[in-house]
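A quick write-up on the structure given underneath.
Every value quoted in this text rests on a predicted model; they were computed, and no experiment measured them. Chain naming here is simple, since letters A, B, ... match the order of the sequence lines and numbering starts at 1 in each. As a basis for the values below, the full set of heavy atoms in this structure was taken, side chains included, without hydrogen atoms, waters or symmetry mates.
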Amino acid sequence: TQLLEQSPQFLSIQEGENLTVYCNSSSVFSSLQWYRQEPGEGPVLLVTVVTGGEVKKLKRLTFQFGDARKDSSLHITAAQPGDTGLYLCADPAYNQGGKLIFGQGTELSVKP
Amino acid sequence: NAGVTQTPKFQVLKTGQSMTLQCAQDMNHEYMSWYRQDPGMGLRLIHYSVGAGITDQGEVPNGYNVSRSTTEDFPLRLLSAAPSQTSVYFCASKPGLATDTQYFGPGTRLTVL
């Protein structure tokens, strides 16, 4: 079973700061998804990266997939309090019945 | 569309009691699944279904039963609740097995005393 390790587990920053969270795997991803979860709600898909070296941008969020497809990062520029939440990476595992395999998450708190 | 709905939102059970967590979706999605979320462990798959009448086990199926008699509904049954089943439960759906976006419900917070 693929293991997804996220770091850091917790991050508390001031508004306006930049941050990066990481997702690493023990084996190669087929593709990799990033979700954001707000308190009391279910996760919401932010992006899917498929190709090694791929970079995707979503406003102030930049997602990168490692060349070897074993790691990914999420960079937030000029963080805002609205970015507060739990960020989860997940392997869609299409070759295993489409079962999402999640990392343990990074809890981000952005203080005004 | 209401999307994925779950009831109840909160539930407290005593050890040994049984209950059913309800999940429904109105998007005509074939694929539905149940996850549990525990602190520091992300979400773990309990059971999933690729269509009406078909279910299969995920990573942590013990203590849980599911059935899929219709496309819309995918209830999760706890036959004899245990404190280890205290968790937040999420139901999710997507159009098909190989499709990308999975839609999650708002969750049910379950406490077993």
Please report the C-alpha distance between Leu100(A) and Tyr35(B) in whole Å, then the side-chain angles of each, then the deciding distance to 0.1 Å, and finally whether the side chain to side chain contact (heavy atoms under 4.5 Å, CB included) criterion is met. CA-CA 9 Å; Leu100(A) 276 175; Tyr35(B) 294 83; 3.2 Å; yes
Starting from the C-alpha separation in whole Å, work towards a yes-or-no answer on side chain to side chain contact (heavy atoms under 4.5 Å, CB included) for Tyr35(A) and Gln102(B). CA-CA 10 Å; Tyr35(A) 288 78; Gln102(B) 191 147 187; 4.0 Å; yes
What part of Glu41(A) gets closer than 4.5 Å to chain B, counting heavy atoms only: side chain, backbone, both or neither? backbone
Hydrophobic cluster identity match, Leu45(B) and Leu78(B), side-chain contacts under 4.5 Å: no
Contact class of Leu43(B) relative to chain A, heavy atoms under 4.5 angstrom: both
Looking only at heavy atoms, what is the nearest atom pair of Phe104(B) and Gly42(A), with distance? CB-CA, 4.1 Å
Report whether Phe90(B) and Tyr31(B) are members of the same hydrophobic cluster (ILVMFWY, side-chain heavy atoms less than 4.5 Å apart, transitive linking). yes
For chain B, which candidate among Pro43(A), Gly103(A), Ala90(A) shows the most heavy-atom pairs at distances under 4.5 Å? Pro43(A)
What about Val110(A) and Leu46(A), same hydrophobic cluster or not, with Ile/Leu/Val/Met/Phe/Trp/Tyr joined at side-chain heavy-atom distances under 4.5 Å? yes
Greater than 12 external heavy atoms within 6.0 Å of Lys14(B)'s NZ: no
Assess the residue pair Gln37(B) and Gln37(A) against the criterion (side chain to side chain donor-acceptor pair (under 3.5 Å)); give the C-alpha distance rounded to whole Å, side-chain angles, the decisive distance to 0.1 Å, and a yes or no. CA-CA 12 Å; Gln37(B) 185 173 34; Gln37(A) 184 179 16; 2.8 Å; yes
Distance, nearest 0.5 Å, that separates CD1 of Ile101(A) from CD of Glu59(B): 7.5 Å
Hydrophobic clusters here meaning ILVMFWY residues chained together by side-chain heavy-atom distances under 4.5 Å, can you tell me if Val60(B) and Val88(B) are in one? no
Test of understanding: clusters of I, L, V, M, F, W, Y form through side-chain heavy atoms closer than 4.5 Å, transitively. Do Leu58(A) and Leu19(A) belong to the same one? yes
